[in-house]
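Step one of this worksheet: look at the structure below.
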Amino acid sequence: MLNKGTKLYSVLHSKCPHCHEGDFFVDPNPYNFMKAGDLLERCPVCERRYTPEPGFYYGGMYVSYAMGVALFVSIYVAILVLYPEASMWTYIVAVVGGLMVLAPILYKYSKIIWANLFFSYKGVALTAKEIAEQAARAAR
Ligand SMILES: [Zn+2]
């Protein structure tokens, strides 16, 4: 399940969703706030573009929202189970604190998950379809 060629591999290793070889982010550390979530323009290995159209990664907000809700529910249930007598403030501080601390990670993974929803693994070499597309473009 975690082998190269699976989308999970690309997400967990922050690798190019096309070839699973090149890096996806400028800096894979989500807590480097100067470069957090910045993508390379192209894969350094297979040279395929990461952004098919401007604004493509705005859709990552849906992924980020879904992960935020999942995190909220996880923290809430964890407190409910582990500290049944916790006050309402404990819930608020834990949920808000957890979301703030983990926000850079959610932001980073929202982008690579979004990319993996649209791009599939093709390997490093161009596929027959891509070669045909390039030839068609060159002929125009
Ligand atoms: Zn690549």
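We count ligands from 1, going down the list as the structure has it; atoms in each ligand are counted the same way. These numbers were taken from a predicted model, which means no experiment stands behind them.
Below the 2.8 Å limit, the Zn ion (ligand 1) has as protein N, O or S neighbours Cys16 SG, Cys19 SG, Cys43 SG, Cys46 SG.
Between the side chain of Lys4 and the main chain of His20, no donor-acceptor pair closer than 3.5 Å is present.
You'll find the side chain of His18 stays beyond 4.5 Å of the side chain of Tyr121, heavy atoms only.
A distance below 6.0 Å separates the ring centres of Phe118 and Phe56.
Two different hydrophobic clusters hold Val77 and Met88 under the rule that ILVMFWY side chains link at heavy-atom gaps under 4.5 Å.
Ring geometry for Phe72 versus Tyr76: interplanar angle under 30°, hence parallel rather than tilted (30 to 60°).
Applying the salt bridge (charged side-chain N to carboxylate O under 4.0 Å, His left out) test to residues at least two apart or on different chains, the pairs with a partner in residues 44-62 are Glu41-Arg49, Arg48-Glu130.
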